[in-house]
Amino acid sequence: MTAPLPPMPGPPDPGETRTSLTLAPVGEPELLRADAARNRALLLEAASRLLADCGAADLTMESVASAAGVGKGTVFRRFKDRTGLLIALLDHREALLQAAFLSGPPPMGPDAPAAERLHAFGPAVMRHEHDHHELILASRTDPLRTYTVPAQSLRLSHVTLLLRQARAAGDPELLAHTLLGSIDAPLVHHLTCERGMPPDRLDQAWHDLLTRYGVER
């Protein structure tokens, strides 16, 4: 069964500081039987070891099957293709980031004002994706898939809600797309690795964009 995408939030109460958003997986895992869940965990453990040893570029369905001691067909049945496997590997890493902005402490968590949370969100996402950039870039085989996975929809809902709460100037949902596009992993990788821009410069650009939208720190 495909996990439902988180709904786009409606206009919040002016005094509201907490969201009702919940953790969303990066991919679209099925509801699994206990034995299937164990097999999936075994495969992901083997894939994680291979990822640490050889990197994402050399991670194949065949190598995962061999490392886990199962047939190649088992890996394909569980993850469908290499992209599905890579996205599954991102789940745990994404869950840690989601927990930080949905229920963690200030400045990202719900006890901080919306404007403060927005200013903290961009740099945190860039640091998170920098740490896992190889895995993220390897999973980006379909440009449109980026916009449909539940984790990206959750980020969009979260930023849109905070923009509404902070009373940003403009259409909150379109502004959220613009903001998230400015910190998308391939762009940040290009700017930092190919253009040599320091991360602090990208952080400041995030803050400048928010300020232009009327979201002051």
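Across I87 and S139, no two heavy atoms sit closer than the pair CG1-CB, 4.1 Å. The two residues V159 and L180 come nearest to each other via the heavy atoms CG2-CD2, 4.1 Å. Taking every heavy atom of both residues into account, A112 and R117 meet most closely at O-CD, 3.4 Å. Considering all non-hydrogen atoms of both residues, R82 and A138 come closest at NH1-O, 4.1 Å. Smallest separation of non-hydrogen atoms from A57 and E134: N-OE2, 3.8 Å. Contact detail for A166 and L118: the closest heavy-atom pair is CB-CD1, 4.2 Å.
Judged as a ring-ring contact (aromatic ring centres under 6.0 Å, His included), the pairs with a partner in residues 192-217 (not counting sequence neighbours) are, in order, H119-H207. Note on residues 174-192: pairs passing side chain to side chain donor-acceptor pair (under 3.5 Å), not counting sequence neighbours, are R140-D184. Applying the salt bridge (charged side-chain N to carboxylate O under 4.0 Å, His left out) rule to pairs touching residues 201-214 yields R127-D203, sequence neighbours excluded.
Within the 4.5 Å cutoff, no side-chain heavy atoms of H130 are placed close to those of V188. Residues H133 and P186 have side chains not in contact (no heavy-atom distance under 4.5 Å, counting atoms from C-beta outward). Residues Q152 and T148 fail the side-chain proximity criterion, which asks for heavy atoms closer than 4.5 Å. Residues L156 and Y147 are not in side-chain contact: their nearest non-hydrogen atoms beyond the backbone lie 4.5 Å or more apart.
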Point to revise | Working for side chain to side chain contact (heavy atoms under 4.5 Å, CB included), residues R78 and N39 | key: CA-CA 9 Å; R78 186 75 280 134; N39 288 339; 5.5 Å; no

Exercise for review: With side chain to side chain contact (heavy atoms under 4.5 Å, CB included) as the test, would you mind laying out the steps for L59 and L135 before giving the verdict?
Suggested key: CA-CA 10 Å; L59 187 67; L135 184 55; 5.5 Å; no

Exercise for review: Please report the C-alpha distance between F79 and L43 in whole Å, then the side-chain angles of each, then the deciding distance to 0.1 Å, and finally whether the side chain to side chain contact (heavy atoms under 4.5 Å, CB included) criterion is met.
Suggested key: CA-CA 10 Å; F79 301 108; L43 292 171; 3.8 Å; yes

Practice item. Quick one: do R38 and L42 satisfy side chain to side chain contact (heavy atoms under 4.5 Å, CB included)? Show the steps, please. Key: CA-CA 6 Å; R38 284 193 297 271; L42 175 67; over 6 Å; no

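Note that the CZ atom of R40 and the OG1 atom of T74 stand 14.5 Å from one another [nearest 0.5 Å]. If you take CG on L154 and CG on L97, they are separated by 9.0 Å, rounding to the nearest 0.5 Å.
L187 and L179 fall within the same hydrophobic cluster, where Ile, Leu, Val, Met, Phe, Trp and Tyr residues are linked whenever their side-chain heavy atoms come under 4.5 Å apart, directly or through other members. M126 is connected to M197 through a chain of hydrophobic side-chain contacts under 4.5 Å among Ile, Leu, Val, Met, Phe, Trp and Tyr, so both are in one cluster. Taking hydrophobic clusters as Ile, Leu, Val, Met, Phe, Trp and Tyr residues chained together by side-chain heavy-atom distances below 4.5 Å, F76 shares a cluster with V70. Both L209 and L202 belong to a common hydrophobic cluster when Ile, Leu, Val, Met, Phe, Trp and Tyr are linked at side-chain heavy-atom distances under 4.5 angstrom.
The side chain to side chain contact (heavy atoms under 4.5 Å, CB included) search around A124 returns M108, not counting sequence neighbours. Applying the ring pair (Phe, Tyr, Trp, His ring centres under 6.0 Å) rule to F121 yields the partners F101, H158; only residues at least two apart in sequence or on another chain are considered. The salt bridge (Lys or Arg N to Asp or Glu O under 4.0 Å) check on E62 picks up K72, with sequence neighbours excluded. For S103, there are no side chain to side chain donor-acceptor pair (under 3.5 Å) partners at least two apart in sequence or on another chain. E129 pairs by the side chain to side chain contact (heavy atoms under 4.5 Å, CB included) definition with V125, I136, R155, A185, not counting sequence neighbours.
Residues T60 and S63 bring a donor and an acceptor atom of their side chains to less than 3.5 Å of each other.
Ring orientation note: the planes of H132 and H128 are nearly perpendicular, at an angle over 60° on the 30°/60° scale.
R93 places a side-chain N or O within 3.5 Å of a backbone atom of L89 that can act as its donor or acceptor partner.
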Quick one: side chains of residues 47-56, donor-acceptor pairs under 3.5 Å with protein atoms, not counting sequence neighbours, listed by atom name and distance.
residue	atom	partner	partner atom	Å
S48	OG	L44	O	2.9

